[in-house]
Amino acid sequence: MAISGGYEPAEIESKWQARWDADKTLYAAEGHECGKPKYYCLEMLPYPSGALHIGHVRNYAIGDALARFHWMKGYNVLHPMGWDAFGLPAENAALKNGVPPREWTLSNIAAMKKQFNRLGMGFDWATEVTTCLPDYYRWNQWFFLKMFEAGLAYRKKSKVNWCPACATVLANEQVINGRCWRHEETLVEQRDLTQWFLRITKYADELVAGLDTLEGWPEKVRTMQRNWIGRSEGTFVDFNVVASGTTIKVFTTRVDTIFGATSVQIAPEHPFAKELMSQPDLAMKIEAMIAQQKVARESDALGALVKEGFDTGRFAVNPFNGERVPVWVGNYILADYGTGAIMSVPAHDERDFEFATRYGLPVVRVVAGNVDGAGMELPFLAEDDGVLIDSAEWTGMSCLEAQGKMAAFAEAGGFGKSTVTYRLKDWGVSRQRYWGTPIPMVYCSCTGGGQEPIALSESDLPVLLPEAISITQEGGSPLGKVPSFVDTVCPKCGGPAKRETDTMDTFVDSSWYFYRYTDAHNATAPFDKAKVGYWFPIDQYIGGVEHAILHLIYSRFWTKVMRDLGLIANDEPAARLFTQGMVIKDGAKMSKSKGNVVSPDLMIERYGADATRMYALFAAPPDRDLEWDENGVAGIVRFLAKVHRLVGKYAGFAGGRDGNVGKMLLRKLHQTIGKVTLDFSGRWHFNTSISSVMILVNEVQSAEAAIDGGQVSAATVKAVLKALVQMLAPFAPFFAAEMWETIGESGVVFRAAWPEADEALAREDEVEIPVQVNGKLVTVVKVAAESGREDVESAAKADEKVAAKLVGKMVVKVVVVPAKLVNFVVK
RNA sequence: GCCCGAGUGGUGAAAUCGGCAGACACAGCGGACUUAAAAUCCGUCGCCCUUUUGGGAAUGGGGGUUCAAGUCCCCCCUCGGGCACCA
């Protein structure tokens, strides 16, 4: 588009880009000795796909505005950037084009770095972190060894989520509605594999409790994490199976209702069900039910299954009353939650009620008072605020009280125990892929018949990923086909040994990368404790809400592990978290298939980086979804062009004396500074900051004739232009740098002190007061700002419109809110 | 089903502490400048009734509190997101 006012974004932007590349004045001060308060501003690092998308631009525009604002406020700001560079796409590209993953990844990084610079993002490249390079991933291996030593990393055979499209295992967090998080169309299969796990469950309680301290995190994210961890307090109770040595341990949150238990229900995959498989008739039914659950699980219809089950013909004894209850296998019992077995209390659990009704099992009520508002007895009572009946010595006790006492009773009797269960499972980190961190373990016949892992020692690190390998998607880990990698020497016996061929989940990389930024070139440790101590916690972390439970739970876990290893002192990685909204186009999420993808490069080419970024901040508050409208970007260009023209015109302005217009401009200026500063102080509604700057510019434009006529002093003009440029600096950095030079300021605008709003100068002499009669607006009267209640009221009464409304009426009450409004209440 | 978040003009939105609803933009419409267009500038611009003047209803819907409600309280609807046979 043609741009007026002599504003040539391409010229300005390439000029400053070159300067910023060359000089490092915008980087964080090295030390703690700089005397400034620190501010660690962090945006989530991108995956190097090869190109930034417009959502990135928004994310980083928010962070960069904050970083630059804090520079100007005098903070020592760490604003780093890196690359989450391991992962499957690199391998897929290799499969498709034959380009080695490393080469593909590094060239993508180079391309995206160029884009970042083109966008004018003020990142501290001196601390750049690239997770696929050995100087980073060796520390993943180092942490792994530490965790192994601490019993936090272990290997076990278990059912794992297998994505056929990725040809690898997925963590529970990477399975969404039974489908792969990267392949929506692909159902995840369950496979039995021996895998590496990290014991995140050990920290489950602390991860839940810590959420209460994270007041700077969105409630939404905290709730999601709470749900994900799924902490549930309850009781284990042992039911001994009659005529067998077997005990079925059930988990219940309502041990108080145990006198109402009329059956024990076990999952088809429960160990006792396996035991029963020796009976052919039962085996068939059990297998059918396992298959049924599997199908339902895969199509995400587990909750929709009709509750079915069958009697095993066996009985178990309720330890509280010695009663025998039948043992059933139920399709609504999940093997992987609790103990995979429940006591069924149809009177007080909706699901048990449904099941019992279907099969005619008895319903025994043990909680009184369960009537509805109309006095009708309810079929069951799920609430735990009732009073027990027919429950031996606990009869008459409140449910809540009984829960504690009965659990204690069971514990004392040796047939039960208070417990806490979690939905959260240990984090499966093994991946059968090439492009990831090798797991620093070997297997040797000298230990456990070659089945037990032997840890390498620190001095063996890094275990380097072999570079020249051919990648295929068949037959297990690609690394398994590289003899030079697999064959190694046993650290224990010195004989020939085999390396672990799985690699680590890439979420390991992103679990601690932000610590590395503080000491990115440390060759002897992941980081220096003192440096982390200075910078942590992150003051502000910014990213998409899609990471609420993956990255953000893993990295909290990692922080706690590192703390317990004595490496850091903080309990949580980030004091404040901000999740920005999505960028949408034509009302829908952008996607290649919809053809509504906005290219940042194209935007920069057409409108410049400054306008593109500024639009991303102007079009909506940052926490909300943003509809991308190219006309809006053009509008920002018009605005910048206007500023460009005015700054150019008045840069060397001399003469003039402040009349009313000069005073008005100064007043508007200080109002604007106040508004923009306020927006930065927490709410980040940059859309309103920018609009207030637009208002200021519109005022200057309207005042042009007066300025030209000498009614504004040079000092006022200068003050307005200078602060205007400073206020634009966080949003349009190239532009601001250029304008700073135009008005003859020396030094770097981003290091100049942020302007202070002078309240006295910002104050209006006169205010307009709305006048209402019975709450309805009648008119607006102008009064001196300092007017008292009487003056305001009499000014309002004096208005002829108001007077007309008051004729013949009785004024019951007059509400006067100074500087706000007058309301006459009349009859 | 449970838990978050949202719902305001043609569009993106503003109203931060209960005090003029629609700031600032985008789009539209009219005009100036121009041979013409672009760019720029000026004006206009929520809806309904009214020639004007003016009047009326209005922030998803319904109730309430208040002199005053987009904002607070209760109930409901719609959309987005998360969790879901979790015992």
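Every chain is numbered from 1, with letters handed out A, B, ... down the list of sequences.
- Taking only side-chain atoms of A:T253, from C-beta outward, the nucleotide of B:A27, B:C24, B:A87 with the closest atom is B:A87.
- Remark on RNA chain B: of its neighbouring residues A:D625 and A:M343, the 5'-side contact belongs to A:D625, judged by nearest-heavy-atom nucleotide.
- Heavy atoms of A:G635 sit under 4.0 angstrom from primed sugar atoms or phosphate atoms, though from no base atom.
- Considering A:F69, A:F680, A:W684 in turn, A:F680 is the only one that fulfils the ring-ring contact (aromatic ring centres under 6.0 Å, His included) rule with A:F731.
- Each of B:A21, B:A87, B:A14 was ranked by its minimum atom distance to the side chain of A:L777; first place goes to B:A21.
- Checked by atom type, the side-chain pair A:T223/A:Q225 shows no donor-acceptor distance below 3.5 Å.
- For B:C74 and B:A69, the C1' atoms lie 15 Å apart once the distance is rounded to whole Å.
- Pair check for B:G22 finds none; no Watson-Crick or G-U wobble contact set falls under 3.5 Å.
- Between A:D679 and A:T688, the side chains place a donor N or O and an acceptor N or O closer than 3.5 Å (distance only, hydrogens not considered).
- A donor-acceptor distance shorter than 3.5 angstrom exists from the side chain of A:T339 to the backbone of A:K249, with no hydrogens or angles considered.
- Set against B:A87, B:G12, B:G55, the side chain of A:K805 has B:G55 as its closest nucleotide.
- A sub-4.0 Å separation between OP1 or OP2 of B:A57 and a side-chain N or O of A:K776 is present.
- Rounded to a whole angstrom, the distance from the P atom of B:C4 to that of B:C73 is 14 Å.
- Side-chain polar atoms of A:D610 and A:Y615 form no donor-acceptor pair below 3.5 angstrom.
- Put simply, A:T421 has no side-chain N or O that comes within less than 4.0 Å of OP1 or OP2 on B:C86.
- Remark: side-chain polar atoms of A:H270 are paired, donor with acceptor, to backbone N or O of A:F272 under 3.5 angstrom.
- For A:M224, the listed nucleotide lying nearest its side chain is B:G82; candidates were B:G82, B:C20, B:U40.
- Taking side-chain N and O atoms only, A:R231 has no distance below 4.0 Å to OP1 or OP2 of B:C86.
- Of the N and O atoms on the side chains of A:Q671 and A:E764, at least one donor lies less than 3.5 Å from an acceptor on the other residue.
- Counting heavy atoms from C-beta on, the side chains of A:R231 and A:R226 never come closer than 4.5 Å.
- A:D629 has its CG atom 11 Å from the P atom of B:G28, to the nearest Å.
- Here, B:U59 and B:U52 have their C1' atoms 30 Å apart, quoted to the whole Å.
- Using N1 to N3 plus N6-O4 or O6-N4 for Watson-Crick, or N1-O2 and O6-N3 for G-U wobble, each under 3.5 Å, B:A27 pairs with nothing.
- Between A:I549 and A:Y615, the residue anchored nearer the 5' end of RNA chain B, judged by the nucleotide with its closest heavy atom, is A:Y615.
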Dump the pairs, protein N or O against N or O of nucleotides 2-10 of chain B, anything under 3.5 Å, distances to one decimal.
none

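- Looking only at atom types and distance, the side chain of A:N698 has a donor-acceptor partner in the side chain of A:K642 under 3.5 Å away.
- Only the C1' atoms considered, B:C49 is 36 Å distant from B:C41, to the nearest whole Å.
- Pairing partner, B:G80: B:C4, with both Watson-Crick or wobble hydrogen-bond distances short of 3.5 Å.
- B:C24 atom C1' lies 11 Å from atom NZ of A:K642, rounded to whole Å.
- For A:K820, whose side chain is taken as the heavy atoms from C-beta onward, the closest listed nucleotide among B:G12, B:G19, B:A14 is B:G19.
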What nitrogen or oxygen pairs link the protein and nucleotides 64-69 of chain B at under 3.5 Å?
from  : atom 1 : to     : atom 2 : distance (Å)
B:C67 : O2'    : A:N823 : ND2    : 3.1
B:C67 : O2     : A:N823 : ND2    : 2.7

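- Regarding contacts with the backbone of B:C41, a side-chain N or O of A:Q701 is found under 4.0 angstrom from either OP1 or OP2.
- Side-chain nitrogen and oxygen atoms of A:N687 include none within less than 4.0 Å of the OP1 or OP2 phosphate oxygen of B:A23.
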